[in-house]
Enquirer: 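One structure coming up, written as structure tokens, with questions to follow.
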Amino acid sequence: MVEPMKIIVVDDEKISRIATMQQLRDEGFISEAVDNGFKVLELLEKDPWDIVVSDIRMPNIDGLELLQKIKEGYPEVDVILITAFGTVGTAVKAMQDGAADFLTKPFRYEELSIRIKKLQEIRSTRREVTELRAVLKESQTFCGLIGDSPQMKNVYERIQTFAHNMVPVLITGRTGTGKEMVSRALHQKSGRGDHPFVAVACGAIPKELAESELFGHEKGSFTGALQKRKGSFERASGGTILLDDVDDLPMDIQVKLLRVLQEGYIQRVGGVEEIPVDVRVIATTKRDLGEAVKEGVFREDVFYRLRGLEIRLPPLKDRGNDVLILAQNFLHVLASRDKLPTKTMPPETCDIMKKYAWPGNVRELRRAMETAFVLSNGPEILPDHLPEYLHDIHKENHVGASLFTLHLENCEEIVFKEMIQQFEDTLIDWGLTKAGGVQSQAADLLNLPRTTFQSKIIGRNKKD
């Protein structure tokens, strides 16, 4: 539970300070009212407070002098200054001296409330940044993986549990979530860490060369095979082979993969010898293999061989403060590379980054930090240094009326159900087009459960 903020009101006008204090209490804040700056300093000495709302014109010690003393002794306390004699010069001087905000009498309490709530958000982000810097100093990494969220802690636990087991591991997650990093962590934590780790990008191998790449070939087995060559499985002997994006393997190669998974033998292209391989198999996929099986593009028997142990990687948008931990780590790496001091991120930058959805996940975040690092000439990454698209938070995160317009001016009546169905069909078509026809990815883009998306597709096909 979040504790209410503690606010001191200081004003030599009794009615004003008592009324403000009571309104703050009515809104759920903890508040005290005093009539001079010395009493404020006494309260700050005894207990921690969050905000001081101070009049400027007061006897003995005015608001500007009080501000200076608070900033010197209690820098974590924010000060809002209020005066009936406000001028631009006074406001500028107050802000330069460290005031968090400035109001001129007379003002409505609602205006003060808005300023306090805004300040509450800033203080919350500032506190998160402080905590994140402490986390970074403690080097919260796991075999190169960075993150302190519950989702990532669960991933770390699974890596520890699965590492010493020879059963294949299937790692699922969207593009850019770090599947290869998890694969390497599994290899490092296993007893095979001193042996080869061979990564095969299944989607990058030409179809006609896939079998040779995985299982090798004998000399003269095809045009261009001038000598015998070991495939990836043999080269990974004693270690680990990563089949990255295994869903991209052609069906005929999946048959040969099944034999390796079942029997532990491979046969080179053009050869007759059965060669035993001692290899730990890790496979990654960017799509739902169960759906791929239903669509007839992935073999069911291979799927069940691979899915024995599974690690699901969450998208970056679901990892909370990990986005800031990762961003700061990337900035540290970039600074070390260029032999420069590490740049930091103020609360306003952190706020923008936490609100963005990061569809490209960790990979996109890394590119954003590289851009910001180049644009920043000072010690901080300011909002203006971030890629422009990060600032368009509303469009990225909120699907609303701005995305569509209904032209109803010339309509006499509307069949509501038909209109809703047209709208739904348009969204489904958009998702399928965006996902290249892959239903599981389209469901993710629309933030729908995959079973719900499938039922809508089936229902639409029946109507057609």
Side-chain angles (χ1 to χ4, degrees), residues 1-11 17 20-21 23-25 27-56 58 61-83 91-103 112-138 140 148 320-321 324-325 327-328 331 341-354 378-383:
M1 182 178 177
V2 179
E3 294 185 1
M5 285 209 305
K6 299 175 65 178
I7 304 171
I8 301 173
V9 179
V10 53
D11 193 334
R17 70 172 180 267
T20 302
M21 177 190 71
Q23 287 170 314
L24 287 168
R25 288 180 176 180
E27 202 166 348
F29 299 112
I30 296 172
S31 183
E32 292 292 341
V34 294
D35 59 5
N36 66 75
F38 293 112
K39 291 181 180 179
V40 172
L41 298 175
E42 289 177 5
L43 288 174
L44 293 176
E45 181 70 26
K46 293 178 181 178
D47 296 296
W49 291 81
D50 299 307
I51 297 175
V52 172
V53 179
S54 174
D55 191 17
I56 285 186
M58 295 186 297
I61 174 172
D62 66 20
L64 292 176
E65 187 179 352
L66 176 61
L67 169 65
Q68 183 179 356
K69 291 183 179 296
I70 290 174
K71 291 290 107 178
E72 289 175 355
Y74 311 93
E76 72 283 357
V77 176
D78 288 305
V79 179
I80 298 176
L81 291 177
I82 298 174
T83 180
V92 171
K93 179 67 167 63
M95 301 301 281
Q96 288 176 340
D97 288 348
D101 216 329
F102 187 95
L103 282 174
L112 175 62
S113 176
I114 290 170
R115 306 288 182 96
I116 287 175
K117 288 175 181 176
K118 182 64 177 176
L119 195 53
Q120 189 174 21
E121 292 180 9
I122 294 172
R123 289 180 62 86
S124 176
T125 305
R126 188 190 304 159
R127 184 166 54 251
E128 288 178 358
V129 171
T130 301
E131 292 170 354
L132 289 168
R133 286 173 181 165
V135 168
L136 285 168
K137 287 182 180 179
E138 294 173 6
Q140 295 288 333
D148 201 43
N321 284 335
L324 302 183
I325 296 176
Q328 193 62 65
L331 292 175
T342 298
K343 298 178 187 290
T344 59
M345 298 179 296
E348 54 269 28
T349 301
C350 294
D351 188 52
I352 291 173
M353 294 182 64
K354 285 188 66 177
E380 292 186 319
I381 301 296
L382 301 176

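Positions are given from 1 along the sequence. All values below were derived from every heavy atom in this structure, side-chain atoms included, with hydrogens, water molecules and symmetry-related copies excluded.
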Enquirer: Looking only at atom types and distance, does a side-chain atom of S31 sit under 3.5 Å from a main-chain N or O of I7, one as donor and one as acceptor?
Expert: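 Answer holds: yes.
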
Enquirer: Any side-chain heavy atom of L382 within less than 4.5 Å of one from P346?
Expert: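 Side-chain contact under 4.5 Å: yes.
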
Enquirer: Could you pull out the closest heavy-atom pair between P48 and K6, with the gap in Å?
Expert: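 The pair with the smallest heavy-atom distance is O-NZ, 3.0 Å.
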
Enquirer: As an exercise, state the distance from CG of D47 to CD1 of I8, rounded to the nearest 0.5 Å.
Expert: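 Answer for the CG-CD1 pair, D47 versus I8, is 9.0 Å.
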
Enquirer: Answer yes or no: is there a side-chain heavy-atom contact under 4.5 Å between L81 and V53?
Expert: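 Of all side-chain heavy-atom pairs linking V53 with L81, none is under 4.5 Å.
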
Enquirer: What is the minimum heavy-atom distance between V52 and V40, and which atoms define it?
Expert: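 That closest heavy-atom pairing would be CG2-CG1, 4.0 Å.
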
Enquirer: Do V77 and K71 come close enough that some side-chain heavy atom pair is under 4.5 Å?
Expert: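 A side-chain contact is absent here, since even the closest heavy-atom pair is not under 4.5 Å.
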
Enquirer: For F29 and Q120, work out which heavy atoms get closest and say how close.
Expert: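 The answer is CE2-OE1, 4.2 Å.
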
Enquirer: Looking only at heavy atoms, what is the nearest atom pair of L324 and M345, with distance?
Expert: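 So the minimum-distance heavy-atom pair works out to O-CE, 3.9 Å.
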
Enquirer: Considering non-hydrogen atoms only, spot the tightest contact between M353 and A327 and give its length.
Expert: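 Distance-wise, the nearest heavy atoms are CE-CB, 3.5 Å.
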
Enquirer: Do the side chains of V10 and D55 get nearer than 4.5 Å, heavy atoms only?
Expert: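 No, every pair of side-chain atoms sits at 4.5 Å or beyond.
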
Enquirer: First locate atom CD of E348, then atom CD1 of I352, and finally report the distance between them rounded to the nearest 0.5 Å.
Expert: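 If I round to the nearest 0.5 Å, the distance is 8.0 Å.
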
Enquirer: Salt bridge check, R123 against D50: does any charged N sit closer than 4.0 Å to a carboxylate O?
Expert: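 Yes.
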
Enquirer: Is any side-chain N of the basic residue among K117 and E27 closer than 4.0 Å to the acidic one's carboxylate O?
Expert: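 A salt bridge links K117 with E27.
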
Enquirer: Give the intermediate values and the outcome of side chain to side chain contact (heavy atoms under 4.5 Å, CB included) for residues W49 and I51.
Expert: CA-CA 6 Å; W49 291 81; I51 297 175; over 6 Å; no

Enquirer: I'd like to know whether N321 forms a side chain to side chain contact (heavy atoms under 4.5 Å, CB included) with K354, so could you lay out the CA-CA distance, the side-chain angles of the two residues, the decisive distance to 0.1 Å, and finally the verdict.
Expert: CA-CA 7 Å; N321 284 335; K354 285 188 66 177; 2.9 Å; yes

Enquirer: Side chain of R17, backbone of D11: donor and acceptor closer than 3.5 Å?
Expert: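 Yes, the answer is positive, given that a donor and an acceptor are paired below the 3.5 Å cut-off.
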
Enquirer: Quick one: CG on D101 to CG on L112, what's the gap to the nearest 0.5 Å?
Expert: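 Spacing of CG (D101) from CG (L112) equals 9.0 Å.
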
Enquirer: Should the pair E32-R25 be classified as a salt bridge under the 4.0 Å nitrogen-to-oxygen rule?
Expert: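 Salt bridge present between E32 and R25.
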
Enquirer: Looking only at heavy atoms, what is the nearest atom pair of Q328 and T344, with distance?
Expert: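 So the two residues come closest at OE1-CA, 3.9 Å.
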
Enquirer: Enter the distance from I381:CD1 to L331:CG here, rounded to the nearest 0.5 Å.
Expert: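 One gets 5.0 Å once the value is rounded to the nearest 0.5 Å.
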
Enquirer: Distance from Y74 atom OH to L41 atom CG, nearest 0.5 Å?
Expert: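 Here the interatomic distance stands at 6.5 Å.
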
Enquirer: Once you round to the nearest 0.5 Å, how far does CD1 of I61 lie from NZ of K39?
Expert: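 Interatomic distance, I61 CD1 to K39 NZ, rounded to 0.5 Å: 13.5 Å.
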
Enquirer: Is the shortest heavy-atom distance from the side chain of F102 to the side chain of I56 under 4.5 Å?
Expert: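 Answer yes - side chains close enough.
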
